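Everything below concerns the one structure shown next.
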Amino acid sequence: MSGFPIEVATRIKTLPPYLFAAIDKMKQPKHHQYPSYEGMLSFRKAVADWYRRRFHVTLDPAHEVLTLIGSKEGIGHIPLAFVDPGDIVFVPSPGYPVYPVGTGFAGGVSHLMPLTKQNGFLPDLKAIPKDVAKNAKLMFLNSPNNPTSVIMSKDYFKRVVDFAQENHVIVCHDAAYSEIFYDGKPPASFMEVDGAKDVGIEFHSLSKTYNMTGWRIGFAVGHKQVLAGLGKVKSNLDSGCFQAIQEAGITALSLDDSVTDGLRKIYQERRDTLVPGLKQLGLEVDPPPAAFYVWVTVPKGYTSASFTAHLLEKAGIVTTPGNGFGAPGEGYIRMTVCTSKERLAEAVERIKRAGF
Ligand SMILES: *Cc1c(COP(=O)(O)O)cnc(C)c1O
């Protein structure tokens, strides 16, 4: 019996070979050497191209982009470049623990900026005392936010630029979740506002956008001298990101939006399963506009810790107590949509059965 030629659909033929990009590059001996600490120029060009496409921001790949071994690496190291013992660093709280820990490693003092329901979970720049601002060196910001999922607007970013100019504070904006957004509303980059490049840098990660968490690749963009300072620390501590991984990163950054659209669609279905389910149980929660976290107010009679323990013991669900991200997170728990919508629906069912 003779068969007939099997033709795949055109859409399959035109798929980029991204699945095998890294394997192919790993087979090439030229990548098995020490990379340059600042990253391959071709990777930094891919970052600049992505910034132009995604944010309409122009970057000089040679001086305004720095490759990182994951954004956590850069965030943890930047205080070593700019903070002397006793210098103040502004840190959002609740927030990513690396901001205060990196600050502490450099001998800096974290000045917490509480994120509360009253301030819309945005740091209140006007509440910062003048004398504190005068002695501050850096400010960490994070939008879309982990753990609250709140997004900063361009207007807010403009106020940050003004604050930074006035007080000579270097802004370090963590945009790890910029591509995990919902309802077709992409968050802004800090670099989109006038003057941002004169006051700071922005951190990005390929971990969340392209599910490359264990590959350890990220980057920072913006102020040349700030990046040079971070680069100086890095050149003395690490030897750059494995080139085959950078090649895979180039492929990822060059992918068509339909790939990340697909990921967003999955997260959105999960969010739209979990959040209405929790609401139906009477829990106070807003649908997040971005990131994959759901910030839930704990019900009456519970603390962050006791509600987390209750869900673990009575419903077999692991959540994170909000105060684990800093004291102002007390009264909340963080849930994630990093599991299937079927499991999330089951979680809602189990919470219902367990009661609270
Ligand atoms: C996950 C995460 C990062 C770090 O990601 P890398 O894998 O190190 O690139 C940075 N900031 C926040 C807020 C995160 O949640």
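Quantities reported herein were computed from a predicted structural model and do not represent experimental measurements. Heads up: numbering here begins at 1 and tracks the sequence. Note that ligands are numbered from 1 as they come in the structure, with each ligand's atoms numbered from 1 the same way.
- The aromatic ring centres of W50 and F55 sit less than 6.0 Å apart.
- Close placement of the Y177 and Y293 rings is indicated, their centers lying within 6.0 Å of each other.
- If you check which protein heavy atom lies closest to atom 5 (O) of ligand 1, you get S71 OG, 3.3 Å.
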Give the intermediate values and the outcome of salt bridge (charged side-chain N to carboxylate O under 4.0 Å, His left out) for residues E179 and K208. CA-CA 8 Å; E179 304 317 297; K208 317 289 157 71; over 6 Å; no
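- Atoms NE2 and CD1, from H310 and I333 in turn, are 10.0 Å apart once rounded to the nearest 0.5 Å.
- Counting heavy atoms closer than 4.0 Å to ligand 1, residue V98 contributes nothing at all.
- A cation-pi arrangement is absent between R271 and F292, since the terminal nitrogen or guanidinium carbon is not both under 6.0 Å from the aromatic centre and inside a 45° cone about the axis.
- For atom 7 (O) of ligand 1, the closest non-hydrogen atom on the protein side is S207 OG, 2.5 Å.
- Remark: ligand 1 and Y177 share an N or O pair separated by less than 3.5 Å (distance only, no angle test).
- Under a 4.0 Å heavy-atom criterion, H204 is not in contact with ligand 1.
- The six-membered or imidazole ring of F242 lies near that of H32, with a centre-to-centre distance under 6.0 Å.
- Residue E73 has no N or O atom closer than 3.5 Å to an N or O atom of ligand 1.
- The closest heavy-atom contact to atom 3 (C) of ligand 1, among the options Y96, W215, F292, comes from Y96.
- From the protein, the heavy atom lying nearest to atom 2 (C) of ligand 1 is K208 NZ, 2.5 Å.
- If you number the atoms of ligand 1 from 1 as listed, the ones under 4.0 Å from a heavy atom of G70 come out as 8 (O), 9 (O).
- Residues R44 and E64 are not paired through a salt bridge, judged by the lack of any N-O separation under 4.0 Å between the basic side chain and the carboxylate.
- Checking only distances, S205 does come within under 3.5 Å of ligand 1, N or O to N or O.
- From the protein, the heavy atom lying nearest to atom 11 (N) of ligand 1 is D174 OD2, 2.6 Å.
- Residue contacts with ligand 1: T213 is placed with no nitrogen or oxygen under 3.5 Å of a nitrogen or oxygen of the ligand (distance criterion only).
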